[in-house]
Protein chains: 2
Amino acid sequence: MSKPANDSTVPTRHIHDHCLCLHTQRAARALARRFDEAFRPLGITSGQFSLLNAMNRETPRSMGEVAAILAMDRTTLTANLKPLERQGLMKITVDPADRRSRRLVLTAAGKKLLRAAAPVWKREHAALEKELTAIDANALRAALRAIA
Amino acid sequence: MSKPANDSTVPTRHIHDHCLCLHTQRAARALARRFDEAFRPLGITSGQFSLLNAMNRETPRSMGEVAAILAMDRTTLTANLKPLERQGLMKITVDPADRRSRRLVLTAAGKKLLRAAAPVWKREHAALEKELTAIDANALRAALRAIA
DNA sequence: GCCAAAAGAGTTGATATCAATATATTCACG
DNA sequence: CGTGAATATATTGATATCAACTCTTTTGGC
């Protein structure tokens with residue numbers, strides 16, 4: 001028999017094994033690293049790819065809309081736009097109908113980058129799903145969507 | 001019938017709907033905010049709670065071990081320890097058996113904080129699982145573990 | 001129309017994240 | 001036993017994250 005655990009470490013073990021917050025953070029870090037790596041030749045990160053995707057609309061979205069889509073704080077979005085704007089991938093424009101609001105518009109360079117990134121995503125995501133054969137990827141998506 | 005989508009936005013919609021990386025980041029942000037809020041009265045974040053938990057061992061873990069447990073870059077761990085050490089919750093000690101290695105040791109204050117945080121976690125996590133009734137939390141954990 | 005409340009976004013400060021790189025220590029092998 | 005490779009961690013620089021606060025603009029009640 002193995003030595004019984006120290007009393008103070010028992011709740012810690014239960015928490016470590018069960019905490020959905022921890023498990024989600026772990027998975028988020030691992031996936032971000034993986035897709036960061038895949039997109040590196042294109043000069044963007046996985047987060048920037050998702051953000052550019054969220055802006056790829058015929059009718060541009062506002063900051064609040066994009067922040068909600070990414071389940072991200074509005075002020076985080078403000079920060080994340082800076083490198084993209086500096087690289088000329090998108091522009092922040094004032095909404096003429098409501099001058100408090102900003103419309104996020106992809107530039108031609110931004111759209112071109114997204115076109116180049118799509119096959120990279122497809123390849124990497126297919127590889128990921130292949131590794132998760134024992135997992136129902138659809139159920140996983142549904143569960144994550146239920147959380148956020 | 002609704003207007004057909006602009007060609008350039010079609011792959012974007014597919015990606016937005018299916019990307020496990022995006023869904024995981026979204027859930028990770030939402031859960032971090034939620035548990036950050038729950039732990040705020042204790043002066044720690046959800047990430048710091050997980051980190052303190054990972055250090056709550058009779059035989060202290062090394063940095064590499066803790067980084068692996070959290071699926072976190074080693075250099076990120078170095079940065080994350082600084083506020084905890086400054087607040088006197090843990091100490092970084094040199095491993096006498098291998099002086100390259102650091103053993104991460106909770107202080108009495110750190111252990112006390114963990115004891116206070118455990119019921120907060122339990123309450124908040126129970127509430128979360130209750131909201132996910134339609135979801136198999138066990139399956140979700142298994143899937144996330146398969147990713148990281 | 002006026003003014004208070006609400007809504008949208010920006011700024012600041014602290015922590016989090018990782019790649020690239022650097023330093024210190026141990027190990028392996030000759 | 002000495003030296004180059006491997007291991008463990010630290011530093012730097014850029015981006016990411018959010019709370020607290022501020023600024024601007026719009027809306028609602030009168």
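Letters A, B, ... are given to chains in the order of the sequence lines, protein chains preceding strands, and every chain is numbered from 1. All values derive from a computational prediction rather than experimental measurement.
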Side-chain donor/acceptor pairs under 3.5 Å, residues 66-79 of chain A, sequence neighbours excluded:
unit_1  : atom_1 : unit_2  : atom_2 : d
A:Asp73 : OD1    : A:Thr75 : N      : 2.8
A:Asp73 : OD1    : A:Thr75 : OG1    : 2.7
A:Thr78 : OG1    : A:Arg74 : O      : 3.3

If only atom types and distance count, is the side chain of A:Thr12 paired as donor or acceptor with the main-chain N or O of B:Asn56 below 3.5 Å?
no
Chain B vs DNA chain C, heavy-atom contacts under 4.0 Å, first-to-last nucleotide span, 5' to 3', is C:dT15 to C:dT26
Please give me every residue in residues 75-90 of chain A whose heavy atoms get under 4.0 Å of an atom in DNA chain D, ordered by residue number.
A:Thr75, A:Thr76, A:Ala79, A:Asn80, A:Pro83, A:Arg86
Apply salt bridge (charged side-chain N to carboxylate O under 4.0 Å, His left out) to B:Asp17 and list each qualifying residue two or more places apart in sequence or on a separate chain.
none
Here's a test of your reading of the structure: between A:Glu65 and B:Pro96, which maps to the more 5' nucleotide of DNA chain C?
A:Glu65
A:Arg100 meets the salt bridge (charged side-chain N to carboxylate O under 4.0 Å, His left out) criterion, sequence neighbours left out, with A:Asp98
With A:His14, which residues qualify under ring-ring contact (aromatic ring centres under 6.0 Å, His included), at least two apart?
A:His18, B:Trp121
Touch class at under 4.0 angstrom, heavy-atom based, for B:Gly47 against every strand present
nothing
For the residue pair B:Phe39 and B:Ser46, what are the closest heavy atoms and their distance?
CD1-CA, 3.9 Å
The complete set of ring-ring contact (aromatic ring centres under 6.0 Å, His included) pairs with one or both residues in residues 69-106 of chain A, sequence neighbours excluded, reads none
Indicate the atoms forming the closest heavy-atom contact of A:Ala109 with A:Gly88, along with that distance.
CB-O, 3.7 Å
Going by number, which of residues 20-34 of chain A have a non-hydrogen atom under 4.0 Å from DNA chain D?
none
Is the shortest distance from a Lys or Arg side-chain nitrogen in A:Arg34 or A:Glu37 to a carboxylate oxygen in the other one below 4.0 Å?
no
When pairs are called at under 3.5 Å and a stem needs at least three consecutive Watson-Crick or G-U pairs, the stems of DNA chain C are C:1-30 with D:1-30
Is the backbone of B:Leu89 close enough, under 3.5 Å, to the side chain of B:Thr107 for a donor and an acceptor to pair up by distance?
yes
Rounded to the Å, how far apart are A:Arg74 CZ and D:dC18 P?
12 Å
Indicate yes or no: at least one non-hydrogen side-chain atom of B:Thr45 is less than 4.5 angstrom from one of B:Gln48.
yes
Residue pairs fulfilling side-chain hydrogen bond (donor to acceptor under 3.5 Å, both in side chains) with at least one residue in residues 84-96 of chain A, sequence neighbours excluded
A:Asp95-A:Arg103
Taking B:His125 for its side chain and A:Leu20 for its backbone only, find out whether a donor-acceptor pair lies under 3.5 Å.
yes
Could you give the CG-to-P distance, from B:Asp36 to D:dA19, as a whole number of Å?
7 Å
Look up atom NZ in A:Lys82 and atom CD1 in A:Ile92, then write down how far apart they are to the nearest 0.5 Å.
8.5 Å
Could you note down all residue pairs passing side-chain hydrogen bond (donor to acceptor under 3.5 Å, both in side chains) where residues 22-32 of chain B supplies at least one of them, sequence neighbours left out?
A:Arg145-B:His23
Within residues 97-109 of chain B, the residues having a heavy atom closer than 4.0 Å to DNA chain C are B:Asp98, B:Arg99, B:Arg100
